[in-house]
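Every heavy atom of this structure was used, including side-chain atoms; hydrogens, water molecules and symmetry mates were not. Numbers restart at 1 for each chain; the letters A, B, ... are given by sequence-line order, proteins then strands.
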Amino acid sequence: MDETARRPLPRSFFARETLVVAEALLGCLVVRELDDGRILVARIVEVEAYCGPDDSACHAAKGRTPRTEVMFGPPGHAYVYLIYGIHHMLNFITWRDGFPCGVLIRALEPVENIGAMRTLRPVSGRALCNGPGKLTAALGVTRTLYGHDLTQGSFLWVCERDIELNAEEVARGPRVGIDYAAPVDRDAPWRFWLRDNPWVSKAR
DNA sequence: CCGGCGATGGTCT
DNA sequence: GACCATCGCCGGC
């Protein structure tokens with residue numbers, strides 16, 4: 001990847017409706033700069049949209065709290081939280097200031113510096129980053145990146161896709177792991193993935 | 001290959 | 001004190 005291709009996507013990319021951003025993120029590259037300067041690159045192959053206070057699956061539906069504070073701010077920032085006491089989840093904040101919503105990154109296809117990823121998460125095969133808790137481990141993403149500005153080109157950012165993507169390559173369906181949500185939200189087809197991509201997470 | 005279950009800690013009631 | 005936007009292990013096939 002050359003230097004121009006590593007430019008971070010601007011805030012205007014994230015400042016669109018969450019479903020639009022979610023689908024637009026497919027095929028894009030996540031770039032992670034470790035504290036020692038090493039650069040890890042991976043392609044986004046699966047995401048889920050969480051669409052504001054009226055979406056009962058969205059954390060912000062339960063109100064504004066210290067944890068969800070970043071969701072209520074401007075788009076283009078990282079929302080990282082811990083789930084089940086073990087796994088970090090990585091989300092990108094979308095749309096507009098004051099409307100809490102975002103996109104969960106659920107699976108990545110490793111592209112560059114895979115050896116470093118396997119040091120951070122020593123497993124073989126596709127278990128490296130085919131799940132939301134796996135990919136944060138493989139990229140060394142923790143709560144220290146909570147609220148991080150994704151448009152600055154440091155530590156964590158996103159680059160536009162470097163491949164062609166046709167509409168028929170994109171699949172969509174209900175989100176995973178939100179049984180507690182209202183039926184209308186449980187059933188909403190707000191999970192997007194690259195059809196047939198082997199790095200997509202196992203449906204649970 | 002698969003299904004069930006325990007781990008583990010921050011967050012909110 | 002309950003709830004989790006999950007994962008890995010273990011046992012059964």
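Comparing A/Ala60 and A/Ala127 along DNA chain C, the residue whose closest nucleotide (by nearest heavy atom) sits nearer the 5' end is A/Ala60.
As judged by a 4.0 angstrom heavy-atom cut-off over every strand, A/Arg175 is placed among residues making no nucleic acid contact. Within the 4.0 angstrom heavy-atom criterion, no nucleotide atom of any strand lies near A/Arg186.
Rounding to the nearest 0.5 Å gives a distance of 5.0 Å between CZ of A/Phe92 and CD1 of A/Ile44.
When all heavy atoms of A/Leu90 and A/Leu156 are compared, the pair lying nearest together is CD1-CD2, 4.0 Å.
Distance, A/Leu128 CG to C/dC7 C1': 14 Å, rounded to whole Å. One can place CG of A/Leu108 at 15 Å from P of C/dT6, the figure rounded to the nearest angstrom. Counting to the nearest Å, the C1' atom of B/dG10 and the OH atom of A/Tyr146 are 13 Å from each other. Rounded to whole Å, the distance from CZ on A/Arg126 to P on C/dC7 is 17 Å. Rounded to whole Å, the distance from CG on A/Leu104 to C1' on C/dC4 is 13 Å. The nearest whole Å value for the distance from the CG atom in A/Asp179 to the P atom in C/dA2 is 20 Å. Taking atom OH of A/Tyr180 as the reference point, atom C1' of C/dT6 lies 13 Å away to the nearest angstrom. For the pair A/Arg67 CZ and C/dC3 P, the computed distance is 15 Å after rounding to whole Å.
The nucleotide whose nearest atom lies closest to any side-chain atom of A/Tyr81 is, among C/dA5, C/dC7, B/dT11, C/dA5. For A/Arg121, the listed nucleotide lying nearest its side chain is C/dG8; candidates were C/dG8, B/dT11, C/dA5.
Panel note: side chain A/Glu23, backbone A/Phe192; no donor-acceptor pair is recorded below 3.5 Å. Not one N or O on the side chain of A/His88 forms a donor-acceptor pair closer than 3.5 Å with the backbone of A/Thr142. For the pair A/Arg175 (side chain) and A/Ala188 (backbone), a donor-acceptor distance under 3.5 Å is absent. Between the side chain of A/Arg161 and the main chain of A/Ala24, a donor-acceptor pair closer than 3.5 Å is present.
Here B/dT8 sits opposite no nucleotide as a Watson-Crick or G-U wobble pair (both hydrogen-bonding atom distances under 3.5 Å).
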Between the protein and nucleotides 7-9 of chain B, list every N/O to N/O distance that falls short of 3.5 Å.
from	atom 1	to	atom 2	distance (Å)
B/dT8	O2	A/Tyr84	O	2.2
B/dG9	N2	A/Gly85	N	3.2
B/dG9	N3	A/Gly85	N	3.3

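For the side chain to side chain donor-acceptor pair (under 3.5 Å) criterion with A/Ser201, the lone passing option out of A/Lys134, A/Arg126, A/Glu46 is A/Glu46.
Taking atom P in both B/dG6 and C/dA2, the straight-line distance is 16 Å, to the nearest Å.
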